[in-house]
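Let me begin by presenting the structure, written as structure tokens, before commenting on it.
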Amino acid sequence: MAPRVPNFIADFFVYETAKSVVVKSWSVGIINRVVQLLIILYFIGWVFMHEKGHQQQDTGIESAVMTKVKGLGKLNNHVMDVADYVVPSQGGSSFSIITSMVVTANQTQGRCPETDPKFNCTTDDDCMKKLGSNLGNGIITGTCLNSTNDTKWWCEIEGWCPAEDDNISQEPMNAVENFTIFIKNSIRFPLFNVTRGNFPSSLNASYIQSCHYDPVDNPFCPVFKVGDILRHINQSFDNITDKGGEIGININWKCNLDYNVEYCNPSYFFTRLDAAFENSNASKGYNFRFAKYYQSEDGTEHRMLHKAKAIRFEIIVSGNAGKFKTVPFLINLVAALTSVGLATVFCDIILLNFDKGADEYKAKKFEEVSAVVSESANNRLYEGSQMSNKALEKSSNDSGTFSIGRQETHSPSNQ
Amino acid sequence: MAPRVPNFIADFFVYETAKSVVVKSWSVGIINRVVQLLIILYFIGWVFMHEKGHQQQDTGIESAVMTKVKGLGKLNNHVMDVADYVVPSQGGSSFSIITSMVVTANQTQGRCPETDPKFNCTTDDDCMKKLGSNLGNGIITGTCLNSTNDTKWWCEIEGWCPAEDDNISQEPMNAVENFTIFIKNSIRFPLFNVTRGNFPSSLNASYIQSCHYDPVDNPFCPVFKVGDILRHINQSFDNITDKGGEIGININWKCNLDYNVEYCNPSYFFTRLDAAFENSNASKGYNFRFAKYYQSEDGTEHRMLHKAKAIRFEIIVSGNAGKFKTVPFLINLVAALTSVGLATVFCDIILLNFDKGADEYKAKKFEEVSAVVSESANNRLYEGSQMSNKALEKSSNDSGTFSIGRQETHSPSNQ
Amino acid sequence: MAPRVPNFIADFFVYETAKSVVVKSWSVGIINRVVQLLIILYFIGWVFMHEKGHQQQDTGIESAVMTKVKGLGKLNNHVMDVADYVVPSQGGSSFSIITSMVVTANQTQGRCPETDPKFNCTTDDDCMKKLGSNLGNGIITGTCLNSTNDTKWWCEIEGWCPAEDDNISQEPMNAVENFTIFIKNSIRFPLFNVTRGNFPSSLNASYIQSCHYDPVDNPFCPVFKVGDILRHINQSFDNITDKGGEIGININWKCNLDYNVEYCNPSYFFTRLDAAFENSNASKGYNFRFAKYYQSEDGTEHRMLHKAKAIRFEIIVSGNAGKFKTVPFLINLVAALTSVGLATVFCDIILLNFDKGADEYKAKKFEEVSAVVSESANNRLYEGSQMSNKALEKSSNDSGTFSIGRQETHSPSNQ
């Protein structure tokens with residue numbers, strides 16, 4: 001050391017590295033390299049290729065969905081167009097296509113008999129028991145009434161009259177199968193400031209007006225036929241229109257931005273979202289009620305109540321993008337390099353337990369220092385300073401050999 | 001080595017392992033094992049049991065929510081049913097129940113005085129200053145008018161007339177407390193292709209029609225009473241209907257798919273979503289305006305404007321599922337095994353600094369090679385090749401001992 | 001060892017630590033410390049300060065958004081207020097402001113000629129080819145009709161008549177630029193049970209009624225002027241109203257709850273969400289159709305069809321909160337401490353390959369045990385037990401030196 005440098009600085013810039021034992025054994029050597037190879041393969045295959053460990057991931061995808069349904073059908077002898085059967089009308093990511101309706105026209109506020117068999121009665125007492133029920137079409141007054149239409153007696157209600165009778169078999173609007181849904185999905189990965197649409201800007205208008213999405217033939221066509229979607233999820237049209245249902249259109253973006261951004265395109269999946277209740281005997285399908293309100297010239301309000309069975313579509317956009325970034329790459333590279341060293345853990349077990357020369361390796365690998373012995377050695381230190389280094393060696397002799405066996409606590413002496 | 005194998009191949013299959021010092025000291029040995037035990041407990045308790053490190057997690061839960069509100073109430077002497085008080089009517093995951101309304105009937109396009117005290121005036125100049133204001137019920141014309149109903153003067157507006165006057169005290173629809181919300185939530189974990197509903201398919205219709213959710217008695221009942229929800233979040237009905245509010249119904253799925261899928265059931269939490277503005281003196285509660293449009297026989301359009309205070313419900317579905325998978329299990333197992341080795345970092349500090357035999361351990365653990373000495377040794381190498389091995393030992397003597405103390409830079413000589 | 005303790009227990013509490021070689025070389029020592037410093041800086045700068053590795057993160061932000069648009073405009077000589085131009089009216093996180101409309105009044109069910117040039121015809125055959133088309137305003141009947149208004153012939157449709165003719169140039173509602181959007185965003189971090197609003201409760205009502213958001217001057221004002229938003233995203237009003245469009249208002253919460261919760265405030269970003277289709281020649285902008293339904297005194301239903309171009313606003317709330325927690329802090333601290341040891345990997349490469357004393361270090365670092373030699377040594381063990389320790393040393397001599405060079409497979413002998 002240069003004499004001007006203080007000792008503690010010299011000590012600080014001292015470099016420590018582990019002392020290694022080199023074992024020239026074919027069996028362990030090959031096992032070691034095979035295990036190292038497996039670790040490297042794991043890192044290349046799983047961490048880097050599968051998990052894209054060298055990339056920074058952006059999972060905060062921003063998405064905007066616009067939809068437009070096209071098609072015309074006949075329901076209850078009315079021609080229905082988009083403004084009639086799509087609710088809500090704004091063309092968002094969640095919308096329902098009405099497939100059949102029970103219409104109760106000209107309802108006004110008043111009193112009238114119920115229509116639900118739950119509210120059949122013989123005396124007023126039957127109806128008094130049902131006061132406060134939430135299941136009727138109006139507030140139960142407690143009176144038992146003779147309906148004008150049939151010979152049965154029903155509890156009287158106060159509310160919108162006449163009460164809705166939804167026990168009518170309905171023909172669904174069969175044309176729905178031919179309706180098309182045009183989906184415009186614009187996404188953005190804010191981290192990389194990459195904006196993509198679900199179809200190329202170069203697609204011309206006449207192609208979009210005539211094409212139908214097909215995963216093989218028209219993967220970029222953004223127009224989906226309802227019948228095609230039903231076929232993809234193995235649902236018959238009759239099955240879904242019988243009770244109504246909910247269908248998910250998943251748009252999945254998985255983008256590797258290390259390649260050209262033109263390869264960043266979505267894939268589409270379809271699911272029946274209410275599949276969990278397929279076998280439920282309590283509540284199947286999807287329907288909702290809405291009303292259109294009218295006013296007579298005399299100012300009285302009346303309404304037309306609709307109970308609509310519908311197919312609800314939910315456009316679910318998910319995805320993530322990855323791009324090479326130095327920091328995650330270096331972290332994983334360092335992890336890979338240091339993990340290669342883990343092979344020794346495995347090989348040591350073999351070497352120290354199953355190999356022929358196990359005892360010998362043990363002797364070589366482990367150097368023993370015993371607290372008890374060292375304490376006596378420390379005592380001996382006071383006897384003579386010239387003994388100190390001998391004591392540190394624990395037991396040295398003129399032949400230069402010393403015990404490093406783990407099991408052997410006594411050092412052997414030669415001659 | 002077999003003589004046919006080239007040297008570089010033999011070198012390649014050499015196995016290196018760290019040379020270890022074995023310390024037979026009770027104190028350090030016990031500390032070492034205790035620290036190792038703590039590390040193992042951390043991995044078992046935190047990584048595997050708490051964080052489920054042996055499982056692959058699916059956080060991309062797909063969810064579909066359908067809601068149906070039931071109940072009848074009286075508001076402004078009208079009986080209101082679902083089609084009247086639920087907006088939007090489609091039964092999605094976000095909907096409002098109107099609790100009170102200010103109705104301004106028979107509005108037509110025209111000119112009329114304002115109703116808001118902000119637009120009181122004495123001269124036209126007062127109103128000219130307010131031209132372009134967004135806060136009125138219509139476009140300010142700049143004229144100061146004498147209202148027919150009172151003795152005050154108001155700015156004139158152009159727009160829907162008469163202007164809405166919302167300074168009317170309203171009775172809320174008290175029956176809302178007894179309304180029920182039926183929630184059908186179907187979820188899917190796409191990674192494991194597991195589909196679940198928030199109630200078992202075996203639940204029969206009559207149970208669902210009569211039950212009310214209760215975390216203890218009816219945890220599987222999917223029907224929630226509005227009054228019960230308010231009780232869960234410690235809100236009084238009067239408090240929330242006074243200004244309107246927003247309530248979140250959280251459906252949380254935490255599924256361990258290593259067990260039977262039947263145990264994969266949701267739990268429900270309720271929160272007042274607009275809690276942050278509870279004490280705000282600027283804007284409290286929730287209300288919105290909507291209009292119903294009518295047409296007279298002569299073709300003129302008029303509308304009925306509603307300002308509705310409402311409770312908005314948001315059904316928020318979250319959750320994740322875990323299932324045993326070999327890769328994460330192995331990664332965490334290897335991490336656990338290698339982390340056990342970290343105990344040495346801690347024990348070395350104790351051993352080398354606080355133990356009685358610290359110096360001795362230091363001597364045993366550290367073997368020194370000094371660059372300066374080695375350079376002179378290198379020089380000496382040229383003097384005689386028989387010296388080389390001696391030089392590598394840095395300072396050897398016939399008694400076979402050499403200095404390995406870290407502090408001692410000069411090797412001691414015996415005799 | 002105390003004689004009463006069984007051997008296997010004594011063996012269990014033995015402590016193993018790696019034997020180290022201490023290299024007193026300035027060059028390697030400095031490199032070692034520099035690399036260690038870089039590792040420490042990486043952990044402090046990246047892991048702890050940038051990635052907040054000492055904090056538990058809550059990414060499951062719960063959010064509730066209420067919006068209220070204010071403003072008055074003139075469209076087609078009608079004064080439009082909020083109830084007229086905002087759809088849906090409930091003030092949720094997604095809403096459209098209608099900027100222009102094509103109104104087709106007094107439609108009734110019937111038969112009439114088409115209006116779209118696609119359905120021009122000369123004979124019925126032209127129309128028969130278009131049967132089943134989804135692109136018309138009604139169901140094509142297959143008849144070619146002479147329109148009453150012009151000299152052209154059009155296919156006849158069945159549906160709502162008269163058919164909409166949207167080839168009308170429209171004046172947008174210019175006042176939209178001055179409309180304001182009031183956003184009330186209440187969030188909650190469920191893990192830390194922290195609830196925050198996007199503006200302080202102390203803000204008084206008159207400030208909110210008069211302020212406009214500005215990132216510098218009014219960062220807490222929750223009222224956004226449409227014109228300001230357009231300026232932030234560099235879009236002209238004419239550009240977006242020409243075809244309609246979609247704008248995202250991102251509210252981002254990044255909260256460090258180690259500081260006072262008062263510093264947990266959102267930041268706002270604006271984006272044109274449909275930017276991906278800016279140059280698309282197929283489908284630009286945003287429009288939708290909706291109808292208002294009327295009933296004549298005689299009970300016939302007619303409707304007023306609106307094709308509205310609109311600006312859709314989507315309020316997107318994202319964010320996360322972090323708070324100090326012991327477990328992640330300790331995990332990252334341990335990772336940091338052990339990673340400091342990785343410097344040796346790098347330094348060993350330098351030391352063993354590029355340093356002047358590389359061979360010497362190699363000799364010191366690596367101690368060799370050869371399987372072949374050891375096997376013969378094992379054989380020799382049977383010849384005489386007094387040889388065993390010599391064999392373990394592989395080749396010892398009375399001068400106490402032994403070969404530990406990696407390249408030298410033959411041990412040198414002195415004298």
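Here the structure is a predicted model, which means the values were calculated and not measured. First the proteins, then the strands, lettered A, B, ... as listed; each starts at 1.
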**OP:** Show your working on side-chain contact (heavy atoms from CB on, under 4.5 Å) between B:N287 and C:K68 and close with a plain yes or no.
**Re:** CA-CA 9 Å; B:N287 62 64; C:K68 204 161 219 170; 2.3 Å; yes
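Distance check, rounded to the nearest 0.5 Å: OG1 of C:T195 to CG of B:L273 gives 9.5 Å. To the nearest 0.5 Å, atoms NZ (C:K19) and NZ (B:K364) are separated by 5.5 Å. Atom CG of B:D274 sits about 4.0 Å away from atom CE of C:M66, to the nearest 0.5 Å. Between the CD atom in C:Q209 and the CG atom in B:L135 there is a gap of 5.5 Å [rounded to 0.5 Å]. Rounding to the nearest 0.5 angstrom, the gap separating the OG1 atom in B:T271 from the CG atom in C:N193 is 10.0 Å. Annotation: the span from B:Y42 atom OH to C:L330 atom CG amounts to 9.0 Å, rounded to 0.5 Å.
Listed by sequence position, B:E297, B:E301, B:R303 are the residues of residues 296-303 of chain B in contact with chain C, using a 4.5 angstrom heavy-atom cutoff.
Using a 4.5 Å cut-off on side-chain heavy atoms (C-beta onward), B:Q295 and C:N106 make contact. Annotation: side chain of C:L72 is not in contact with side chain of B:W160 (no heavy-atom distance under 4.5 Å). Here the side chains of B:S25 and C:Y15 are not in contact, with every heavy-atom distance at 4.5 Å or above. No side-chain heavy atom of B:T344 sits less than 4.5 Å from a side-chain heavy atom of C:E16.
Using a 4.5 Å cut-off between heavy atoms, C:I331 touches chain B through its side chain atoms alone. Residue contact with chain B, scored on non-hydrogen atoms closer than 4.5 Å, involves the side chain of C:I208 exclusively. Interface remark: C:R188 contributes side-chain atoms only to the contact with chain B (heavy atom separation under 4.5 Å). Neither the backbone nor the side chain of C:Y207 comes within contact range of chain B; no heavy atoms are under 4.5 Å apart. B:I30 touches chain C through backbone and side chain together, each having a heavy atom under 4.5 Å away.
Residue-environment remark: NZ (C:K325) stays at or below the threshold of 12 foreign heavy atoms within 6.0 Å.
Across all non-hydrogen atoms, the minimal contact from B:Y286 to C:G91 is CE1-O, 4.5 Å. For the pair C:S89 and B:F290, the tightest heavy-atom approach, listed with the atom from each and the gap, is OG-CB, 3.4 Å. Pairing each heavy atom of B:K365 with each of C:A18, the nearest pair is NZ-O, 2.5 Å. The minimum heavy-atom distance linking C:I9 with B:W26 is given by the pair CG2-CH2, 4.2 Å.
Heavy-atom pairs under 4.5 Å with chain B peak, among C:G60, C:P222, C:G197, C:S27, at C:G197. Contact tally against chain C (heavy-atom pairs below 4.5 Å) for B:S318, B:A291, B:P88: the top residue is B:P88. For the set C:K292, C:K70, C:H78, C:Q90, the entry with the most heavy-atom pairs within less than 4.5 Å of chain B is C:Q90. Considering only heavy-atom pairs separated by less than 4.5 Å from chain B, the leading option among C:V82, C:V327, C:V334 is C:V327. Of the listed residues (C:G92, C:G71, C:A105, C:S202), the one with the most heavy-atom contacts under 4.5 Å to chain B is C:G71. Between chain B and the residues C:D84, C:V87, C:D81, the most heavy-atom pairs under 4.5 angstrom are made by C:D84.
Between C:Y294 and B:Y293, the ring center distance fails the sub-6.0 Å criterion.
For B:E158, the salt bridge (Lys or Arg N to Asp or Glu O under 4.0 Å) partners are B:R111, C:K74, not counting sequence neighbours.
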